[in-house]
Amino acid sequence: MERKEFKWPQPLAGNKPRIWYGGDYNPDQWPEEVWDEDVALMQQAGVNLVSVAIFSWAKLEPEEGVYDFDWLDRVIDKLGKAGIAVDLASGTASPPMWMTQTHPEILWVDYRGDVCQPGARQHWRATSPVFLDYALSLCRKMAEHYKDNPYVVSWHVSNEYGCHNRFDYSEDAERAFQKWCEKKYGTIDAVNDAWGTAFWAQRMNNFSEIIPPRFIGDGNFMNPGKLLDWKRFSSDALLDFYKAERDALLEIAPKPQTTNFMVSAGGAGIDYDKWGYDVDFVSNDHYFTPGEAHFDELAYSASLCDGIARKNPWFLMEHSSSAVNWRPINYRVEPGELVRDSLAHLAMGSDAICYFQWRQSKAGAEKWHSSMVPHAGPDSQIFRDVCELGADLNKLADEGLLSTKLVKSKVAVVFDYESQWATEHTATPTQEVRHWTEPLAWFRALADNGLTADVVPVRGPWDEYEAVVLPSLTILSEETTRRVREYVANGGKLFVTYYTGLVDDKDHVWLGGYPGSIRDVVGVRVEEFAPMGNGFGFPGAMDHLDLDNGTVAHDFADVITSVADTAHVVASFKADKWTGFDGAPAITVNDFGDGKAAYVGARLGREGLAKSLPVLLEELGIETSAEDDRGEVLRVERADETGENHFVFLFNRTHDVAVVDVEGEPLVASLAQVNESEHTAAIQPNGVLVVKL
Ligand code: GAL
């Protein structure tokens with residue numbers, strides 16, 4: 001796959017490069033009198049960029065073919081003259097009412113045939129030629145009108161593709177799916193083979209017999225090969241739509257462009273790693289996970305985003321200053337978290353910090369969503385924090401942060417969208433195991449051991465790291481298998497867990513014992529699985545297994561029946577004889593070529609992994625930080641190639657005060673007190689310290 005060349009929005013004429021700071025701005029929700037106050041407050045907060053017109057189609061084209069750019073011209077002019085750059089949307093994220101009334105055939109259809117009606121947003125189907133036509137017309141009008149506008153620094157194409165319209169089961173989609181299959185497989189026999197249609201009389205005679213995975217009755221099981229391709233197709237159909245919109249804009253008005261992804265630990269609607277090849281710069285919307293995983297999940301997701309961006313700077317397009325409005329309970333952020341969360345994205349390679357949204361709405365579906373200027377107005381803690389953050393970002397830019405990138409870790413934790421999709425199917429060994437939880441658990445357990453890992457997509461350069469984790473990476477294609485084998489043979493240090501390498505990229509099982517294609521690399525052979533848990537109403541069913549290293553496995557264990565001569569057992573199960581598990585191998589280490597591979601044959605969770613890791617890190621020869629400060633603080637570094645600009649971000653991961661040694665010059669201290677004479681700092685819960693070495 002060819003990757004678009006990296007391009008980044010440039011500062012307004014006469015301005016120096018800054019960390020972009022701002023958010024979605026919806027002036028069309030407010031009377032014009034408010035705009036002047038907005039601009040003044042933006043200047044006060046250090047805001048230097050806003051994203052405009054994302055959901056403005058009904059105002060930009062109030063009737064078919066009638067366009068009104070006057071209001072947008074006025075607001076862009078006000079912003080630009082005040083030194084605030086504009087990330088301009090294509091405006092096509094949500095169609096106006098007149099369009100859906102004349103063309104109901106653009107609405108998407110769910111798997112039972114129900115049509116998604118207007119009333120919210122994104123009620124369009126990616127495969128509709130009619131909708132594509134309308135969207136491209138608006139893109140071209142926007143491009144014509146704003147191509148020479150000096151204040152528009154980038155294009156924001158549509159918004160969060162697939163957030164509400166990921167799957168569409170319409171007739172348009174059916175035709176497009178058939179074409180997609182024809183392009184991918186060439187012949188219907190190849191599709192039959194890939195989907196294993198010999199099973200349950202599903203053989204097809206020609207491409208017209210291919211239909212989307214529509215309703216099949218509750219409690220029935222969809223063909224998994226077809227389902228996997230359907231997920232690929234749905235991501236690709238949106239990608240094609242996006243590319244058409246992007247190209248329509250760029251042909252007329254070439255400016256750096258992006259579309260906002262939704263990368264988070266558990267989100268996998270779209271293959272964002274594939275999409276990453278088709279943007280000038282990667283941008284992401286991330287909303288915090290309430291509860292104890294808040295900070296770690298954020299750091300993990302930001303690292304994955306950096307991996308998707310292949311270590312080019314990326315743009316945090318949206319996050320929240322406090323509560324969202326779309327969870328059942330919308331928790332506020334704790335004191336300090338507003339600044340800390342933003343700095344964590346920044347540490348992980350983002351060069352732009354933006355929010356949804358600038359001013360909190362008074363009406364509409366998102367009026368209870370936090371913003372930079374809350375309902376309470378500028379005399380509020382949130383706005384004070386927003387101003388503090390603006391000042392911090394300017395300081396870091398002055399000190400040279402923009403010349404730096406996230407420093408490469410020694411450990412890569414691999415993430416794969418397609419493995420996530422495959423584990424979501426029904427009729428799997430257990431519904432309790434999904435790919436995504438395991439990479440997050442490893443990221444956290446490595447952090448508990450003083451190692452900040454990079455999260456690297458499976459297509460990415462993970463084999464260039466000192467150590468690699470394959471965490472429940474269910475799909476190992478032939479290509480990935482080859483890379484894994486070469487990596488270890490050439491001296492790589494590999495960690496592999498249960499549920500890895502079960503199937504190839506057609507979702508066909510690698511035979512002969514698991515993990516089929518890399519059995520000799522890991523030096524174990526798994527004959528059966530032992531899923532666990534009695535949460536689905538089976539009292540007395542096995543729900544955990546103890547290991548002799550003091551950890552406990554839940555949900556899943558492998559039945560390892562043989563261990564190669566080149567391997568040795570590091571931990572075993574301890575269980576009642578009748579279970580068949582007593583003394584059975586649970587964790588092993590194998591020599592393969594010049595490298596080593598550790599195999600973890602059970603789900604140990606973050607805690608069990610953290611406890612098992614010291615021995616494994618030592619066995620594989622991976623050095624980590626001093627024993628005494630392990631885990632309390634997440635240390636993230638950004639540096640330039642010369643090493644002249646080298647920043648260290650220290651985040652307190654706990655709810656206790658963390659005392660750290662301070663090696664360089666403290667630049668930003670949020671909920672952190674530096675003791676200059678002792679060269680230490682006390683970082684409070686939710687606090688962060690940034691130093692320059
Ligand atoms: C995003 C979306 C924004 C806003 C935000 C609220 O998904 O792009 O428009 O809805 O969520 O959290």
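Excluded from the calculations below are hydrogen atoms, water molecules and symmetry mates; all remaining heavy atoms, backbone and side chain alike, are included. Just follow the structure's listing: the first ligand is 1, and inside any ligand the first atom is 1. Residue indices begin at 1 and follow the sequence shown. Here the structure is a predicted model, which is why all the values come from computation and not from measurement.
- If you look at ligand 1, the protein residues with a non-hydrogen atom under 4.0 Å away are Phe55, Arg121, Asn159, Glu160, Asp285, Tyr287, Glu318, Trp326, Phe356, Glu366, His369.
- The one candidate from His435, Arg434, Lys231 that meets the side-chain hydrogen bond (donor to acceptor under 3.5 Å, both in side chains) condition with Glu424 is Lys231.
- The shortest distance between side-chain heavy atoms of Met42 and Met372 does not fall below 4.5 Å.
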Practice problem: Give the C-alpha distance, both sets of side-chain angles, the deciding distance and a yes or no for ring pair (Phe, Tyr, Trp, His ring centres under 6.0 Å) between Tyr134 and His103. | Solution: CA-CA 11 Å; Tyr134 278 115; His103 293 289; 5.5 Å; yes
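- By the salt bridge (charged side-chain N to carboxylate O under 4.0 Å, His left out) test, Arg18 is found to be paired with Asp398, residues two or more places apart in sequence or in another chain being considered.
- Cation-pi geometry between Arg359 and Trp30 is satisfied (NZ or CZ under 6.0 Å from the ring centre, within 45° of the ring normal).
- Neither side chain, Ser235 nor Asp271, offers a donor N or O lying under 3.5 Å from an acceptor on the other.
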